[in-house]
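Worksheet: the structure to be examined is printed underneath.
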Amino acid sequence: MPSDANAAVHQSNRDLLAAWTADPNLTVEDFRRIFEEFLADLKIDEDATFKDVSAGGVPSILVDTPGTDKKLVTLHFHSGGYVLGSARGYRSYGAALSKATGGRVLLVDYRLAPEHPYPAAIDDALTAYRWALGHHPANKIVISGDSAGGGLCLALLQHIRDEGLELPAAAVSMSPWADFKLAGDSMKANADKDPLVPGPDLLAMMVTMVIGEDGDPAHPGVSPLYGDWQGLPPLLVMAGSIETLRDDGVRCVAAAKAAGVDARFIEGEEMVHIWPIFHDRLPEARETLGEIGAFVKLHAA
């Protein structure tokens with residue numbers, strides 16, 4: 001059974017959606033401001049330290065917590081539909097992820113659409129990964145992401161392999177948005193259950209911002225579900241049972257397993273979109289962070 005705290009998290013998601021939809025005249029900048037205010041409510045571990053770094057020219061924040069393995073790093077790509085979000089807004093999750101994994105975390109501030117449409121985000125992700133390879137052995141690098149960042153993480157894996165670079169030790173993808181065609185069965189089945197992404201309308205607007213009216217929504221650069229999964233490192237993918245994006249994660253794991261990849265899917269009972277970011281208030285988020293930490297330590301530490 002979900003914890004009592006889960007109801008409050010559901011309500012906070014409904015409140016965020018209501019703020020985004022209250023005024024039809026809101027601009028992209030308004031959407032971003034509202035999301036940053038939402039993220040700012042998440043508590044940041046007082047023991048964490050944050051350092052602004054340039055990851056090959058990509059602005060990023062390096063997160064450290066006491067006792068970390070300085071050789072181990074997780075590159076994390078934030079949520080926001082490729083349109084919203086920031087590394088700064090993800091300091092709370094970055095600190096929690098550092099503690100869970102026992103290593104440093106690099107929060108990557110990839111460029112956002114519509115000012116910077118595809119392939120800006122994947123280009124920045126690849127640049128940040130090349131930078132990480134210059135500072136860490138590949139078997140001590142993990143890549144991670146949530147929502148759009150979760151899809152970006154999976155697309156990045158395929159790009160790393162295709163570029164002939166050393167692959168990271170593993171990857172973690174939370175509630176990934178991995179199908180710009182919005183074709184998962186859960187997109188409709190969970191439309192009346194998901195408190196933040198109730199159906200395809202909001203995502204369809206973001207698709208247009210990222211790839212334009214004439215872009216290919218099945219291109220693996222934005223929809224890694226349709227890419228080549230051969231030869232990728234171990235994957236841990238998770239999504240909430242009530243998410244409209246649940247089946248993006250389910251189908252990615254199925255595709256990876258069919259290609260011979262060691263892939264595991266976690267379904268969070270009644271969990272909202274990207275629930276691990278609510279670690280400061282949700283027991284299930286802390287439990288999932290423990291599983292992420294164990295996965296990273298198994299494959300990289």
- [ ] Output, in order, the C-alpha distance, side-chain angles, deciding distance and verdict of salt bridge (Lys or Arg N to Asp or Glu O under 4.0 Å) for K51 and D64.
- [x] CA-CA 9 Å; K51 180 182 179 182; D64 223 333; over 6 Å; no
Between [X] and [Y], do the side chains contain an N or O donor and an N or O acceptor separated by less than 3.5 Å?
| X | Y | result |
| --- | --- | --- |
| K70 | T68 | yes |
| E284 | S3 | yes |
| S98 | T65 | yes |
| S92 | H279 | yes |
| Q158 | D162 | no |

Check for a donor-acceptor pair, side chain of [X] on one end and backbone N or O of [Y] on the other, with a separation under 3.5 Å.
| X | Y | result |
| --- | --- | --- |
| H159 | A155 | yes |
| D41 | E37 | no |
| H219 | I211 | no |
| R246 | G240 | no |
| S186 | A189 | no |

TODO: Apply side-chain contact (heavy atoms from CB on, under 4.5 Å) to the pair F77 and L156, showing each step before the final yes or no.
DONE: CA-CA 10 Å; F77 303 97; L156 175 60; 3.7 Å; yes
Under 4.5 Å between side-chain heavy atoms, hopping through other hydrophobics if needed: is there a path connecting [X] to [Y]?
| X | Y | value |
| --- | --- | --- |
| L152 | L225 | no |
| L16 | M205 | yes |
| L235 | L165 | yes |
| V9 | L245 | yes |

- [ ] May I ask you to decide if the ring planes of Y93 and H76 are parallel, tilted or perpendicular, using 30° and 60° as cut-offs?
- [x] tilted
TODO: Look at the rings of F31 and W20 and say which category their plane angle falls in: under 30° parallel, 30 to 60° tilted, over 60° perpendicular.
DONE: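 Ring orientation, 0 to 90° scale: parallel.
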Does any part of the side chain of [Y], heavy atoms only, come nearer than 4.5 Å to the side chain of [X], both counted from C-beta?
| X | Y | answer |
| --- | --- | --- |
| D23 | L26 | yes |
| L75 | V73 | yes |
| V63 | L106 | no |
| L42 | Y90 | no |
| L17 | T21 | yes |
| V83 | V28 | yes |
| I122 | Y110 | no |
| S60 | V108 | yes |

How would you list, by chain and number, every residue that makes a side chain to side chain contact (heavy atoms under 4.5 Å, CB included) with [X], sequence neighbours excluded?
| X | result |
| --- | --- |
| A100 | L289 |
| A218 | K181, D216, Y226 |
| D69 | K71, L72, K140 |

[atom1]/[X] to [atom2]/[Y] distance, rounded to the nearest 0.5 angstrom?
| X | Y | atom1 | atom2 | value |
| --- | --- | --- | --- | --- |
| I61 | T49 | CD1 | OG1 | 11.5 Å |
| I266 | I292 | CD1 | CD1 | 7.0 Å |
| D185 | N190 | CG | CG | 10.0 Å |
| L196 | S12 | CG | OG | 8.5 Å |
| M271 | H273 | CE | NE2 | 14.5 Å |
| F265 | K257 | CZ | NZ | 10.5 Å |

Quiz: residues 124-134 side-chain donor-acceptor pairs under 3.5 angstrom, not counting sequence neighbours:
residue	atom	partner	partner atom	Å
D124	OD1	R111	NE	3.2
D124	OD1	R111	NH2	3.0
D124	OD2	R111	N	2.9
D124	OD2	R111	NE	3.0
T127	OG1	D123	O	3.0
Y129	OH	E166	O	2.6
R130	NH2	E163	OE1	3.0
W131	NE1	S54	O	3.4

Task: Co-members of M1 in a cluster of I, L, V, M, F, W and Y side chains, linked at under 4.5 Å - done: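 Result for M1 is none, singleton.
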Open item on the list: Are there over 12 heavy-atom neighbours, none belonging to D4, within less than 6.0 Å of that residue's CG?
Closed with: no
Open item on the list: Does R88, at its CZ atom, have more than 12 non-hydrogen atoms belonging to other residues, nucleotides or ligands within less than 6.0 Å?
Closed with: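 Atom CZ in R88 is not crowded, with 12 or fewer foreign heavy atoms closer than 6.0 Å.
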Open item on the list: I need the single residue from T74, I160, V142 that forms a side chain to side chain contact (heavy atoms under 4.5 Å, CB included) with P168. Which is it?
Closed with: I160
Open item on the list: Name the residue from D194, D247, T244 that meets the side chain to side chain contact (heavy atoms under 4.5 Å, CB included) definition with M187.
Closed with: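 One option only clears the test, and that one is T244.
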If every non-hydrogen atom of [X] is compared with every non-hydrogen atom of [Y], which pair is closest and at what distance?
| X | Y | value |
| --- | --- | --- |
| R281 | A5 | O-CB, 3.2 Å |
| P117 | V210 | CB-O, 3.2 Å |
| F180 | P217 | CB-O, 3.2 Å |
| L84 | L112 | O-CD2, 3.8 Å |
| V253 | R264 | CG2-O, 4.0 Å |
| E291 | L236 | O-CD2, 4.2 Å |

- [ ] Test side-chain contact (heavy atoms from CB on, under 4.5 Å) on L107 and H78 and set out the steps.
- [x] CA-CA 8 Å; L107 299 170; H78 64 76; over 6 Å; no
Using residues 169-178 as the side-chain source, report each donor-acceptor pair under 3.5 Å to any protein atom, sequence neighbours left out, with the distance given to one decimal.
residue	atom	partner	partner atom	Å
S173	OG	G150	O	3.0
S175	OG	E243	OE1	3.3
S175	OG	E243	OE2	2.7
S175	OG	I274	N	3.0
W177	NE1	D179	O	3.3

TODO: Decide salt bridge (Lys or Arg N to Asp or Glu O under 4.0 Å) for R33 and E36; before the verdict, give the C-alpha distance in whole Å, the side-chain angles of both, and the deciding distance to 0.1 Å.
DONE: CA-CA 5 Å; R33 172 184 51 78; E36 291 299 319; over 6 Å; no
TODO: With salt bridge (Lys or Arg N to Asp or Glu O under 4.0 Å) as the test, would you mind laying out the steps for D248 and R251 before giving the verdict?
DONE: CA-CA 5 Å; D248 280 33; R251 290 179 295 154; 3.1 Å; yes
